[in-house]
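So the structure is just underneath, and the comments pick up after that.
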Amino acid sequence: MDAVRGARYLDARRTSQDGARDRTGVRDMTATEKRDRDVAVAEKAAKAAQAAFETGETAAAAGPPGDDDLGRHIRDARVQRGLTLEALAKATGLSRSYLSNVEHNKNSPTISTLRTILDALGVTLSQLFRTVEGERHAVTRPDQRVVIARTGNDAVRYELLNPNPHGRLESMIMEVAPGASSGGHPHTHAGEEVGLILSGELDYWVDGVHYALREGDAVSFDATLPHRYANPGNVPSVSVWTVTPPSF
């Protein structure tokens with residue numbers, strides 16, 4: 001009888017130990033799966049951050065009317081030239097998926113990236129929005145201006161004052177929200193630029209030289225030199241710019 005009870009005791013102990021090992025195994029597997037999941041999430045976030053860094057872009061929600069029109073006009077210009085997204089991607093160095101998002105207004109390009117796209121399409125911004133051959137206007141009313149906003153919240157906003165696809169110069173009003181900028185990478189293009197600060201302040205860098213611009217200040221430079229800007233103030237910076245030849 002004692003031998004039977006002893007055998008039952010040993011069997012119960014083995015069962016208990018096996019159950020404990022099983023339960024421990026489940027806990028260990030759950031922790032491993034959790035670590036694997038966390039690593040996967042981190043890798044995905046890192047890849048997304050790297051992609052954003054390389055393109056210099058920020059995803060934008062539906063923006064103002066001009067912003068909504070931008071993607072459609074880029075797509076129309078690409079199709080009119082018989083270019084596929086793959087061909088445009090090769091010409092710009094941007095990914096096909098990114099360009100598709102731009103055309104569907106899911107991504108809002110920085111100014112330098114927009115210039116790259118326009119150069120690959122062989123058009124200026126005025127030509128992009130004015131598709132009727134020979135269309136010219138001596139007067140542009142406020143509600144007729146072509147408006148481009150870099151992001152959905154108008155961090156950087158441009159209004160073209162002379163949206164003439166055949167003109168030899170380009171004039172625009174630029175409004176930069178407090179803390180906003182053209183991006184960390186300077187851009188270049190052919191021609192010359194002249195800017196006048198109407199209100200607020202603007203930090204401007206031309207060929208690595210910093211200029212602190214205030215209301216009433218004017219700046220002019222060779223646009224082939226690397227240049228960028230940022231608003232260091234607490235109020236929007238508003239300025240008017242003239243560029244020749246048109247490059248936006």
Side-chain angles (χ1 to χ4, degrees), residues 45 48-68 70 94 98 102 105 107-119 124-125 142 145-162 169-244 246-248:
Q50 179 66 21
F53 173 78
E54 291 175 351
T55 59
E57 312 308 323
T58 53
D67 199 33
D68 288 340
L70 178 60
L94 302 169
Y98 173 77
V102 169
N105 296 298
N107 281 86
S108 180
T110 61
I111 302 309
S112 59
T113 300
L114 179 57
R115 290 185 189 278
T116 298
I117 295 173
L118 295 180
D119 288 345
T124 66
L125 192 61
R145 295 173 185 168
V146 173
V147 177
I148 294 297
R150 176 182 165 188
T151 62
N153 62 2
D154 284 348
V156 179
R157 178 184 176 93
Y158 292 86
E159 295 185 22
L160 295 187
L161 301 178
N162 62 330
L169 61 81
E170 194 170 56
S171 188
M172 67 190 78
I173 293 175
M174 180 176 76
E175 181 172 333
V176 185
S181 72
S182 59
H185 301 286
H187 55 274
T188 62
H189 55 90
E192 298 178 58
E193 290 193 33
V194 179
L196 173 66
I197 309 302
L198 301 180
S199 63
E201 54 188 308
L202 193 67
D203 281 343
Y204 219 96
W205 290 265
V206 179
D207 200 23
V209 180
H210 172 243
Y211 302 94
L213 305 177
R214 303 295 181 265
E215 182 176 332
D217 288 343
V219 60
S220 59
F221 54 89
D222 180 345
T224 62
L225 298 174
H227 51 282
R228 65 185 181 92
Y229 59 80
N231 180 1
N234 298 317
V235 298
S237 171
V238 181
S239 52
V240 61
W241 293 83
T242 299
V243 182
T244 183
S247 61
F248 199 169

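Source: prediction; values computed, not measured. Values reported hereafter were calculated over all heavy atoms of this structure, with side chains retained and with hydrogens, waters and symmetry mates removed.
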To the closest 0.5 Å, what do you measure between [atom1] ([X]) and [atom2] ([Y])?
{"X": "Leu213", "Y": "Asn231", "atom1": "CG", "atom2": "CG", "answer": "11.0 Å"}
{"X": "Ser220", "Y": "Trp241", "atom1": "OG", "atom2": "CH2", "answer": "9.5 Å"}
{"X": "Ile197", "Y": "Met174", "atom1": "CD1", "atom2": "CE", "answer": "6.5 Å"}
{"X": "Thr188", "Y": "Leu225", "atom1": "OG1", "atom2": "CG", "answer": "9.0 Å"}
{"X": "Thr242", "Y": "Glu192", "atom1": "OG1", "atom2": "CD", "answer": "11.5 Å"}

**Derivation and outcome, side-chain contact (heavy atoms from CB on, under 4.5 Å), residues His227 and His189** = CA-CA 10 Å; His227 51 282; His189 55 90; 3.5 Å; yes
Restricting to non-hydrogen atoms, name the atom on [X] and the atom on [Y] that form the minimum distance, rounded to 0.1 Å.
{"X": "Glu170", "Y": "Leu160", "answer": "CG-CD2, 4.4 Å"}
{"X": "Gly233", "Y": "Pro178", "answer": "O-CB, 3.3 Å"}
{"X": "Pro232", "Y": "Ala230", "answer": "CD-O, 3.3 Å"}
{"X": "Pro226", "Y": "Pro186", "answer": "CB-CB, 3.7 Å"}

**Item:** Pairs touching residues 205-232 that satisfy salt bridge (Lys or Arg N to Asp or Glu O under 4.0 Å), sequence neighbours left out
**Value:** Glu201-Arg214
**Message:** Has Asn162 got a side-chain atom pairing as donor or acceptor with Ser171's backbone, closer than 3.5 angstrom?
**Reply:** yes
**Prompt:** In a check of ring-ring contact (aromatic ring centres under 6.0 Å, His included) between Trp205 and each of His187, His185, His210, which one passes?
**Reply:** His210
**Prompt:** Does a side-chain heavy-atom distance below 4.5 Å link Thr113 with Val102?
**Reply:** no
**Item:** Worked verdict on Leu196 versus Leu198 for side-chain contact (heavy atoms from CB on, under 4.5 Å)
**Value:** CA-CA 6 Å; Leu196 173 66; Leu198 301 180; 4.1 Å; yes
**Request:** For the pair Tyr229 and Val156, evaluate side-chain contact (heavy atoms from CB on, under 4.5 Å) and give the outcome as yes or no after the intermediate values.
**Result:** CA-CA 11 Å; Tyr229 59 80; Val156 179; 3.2 Å; yes
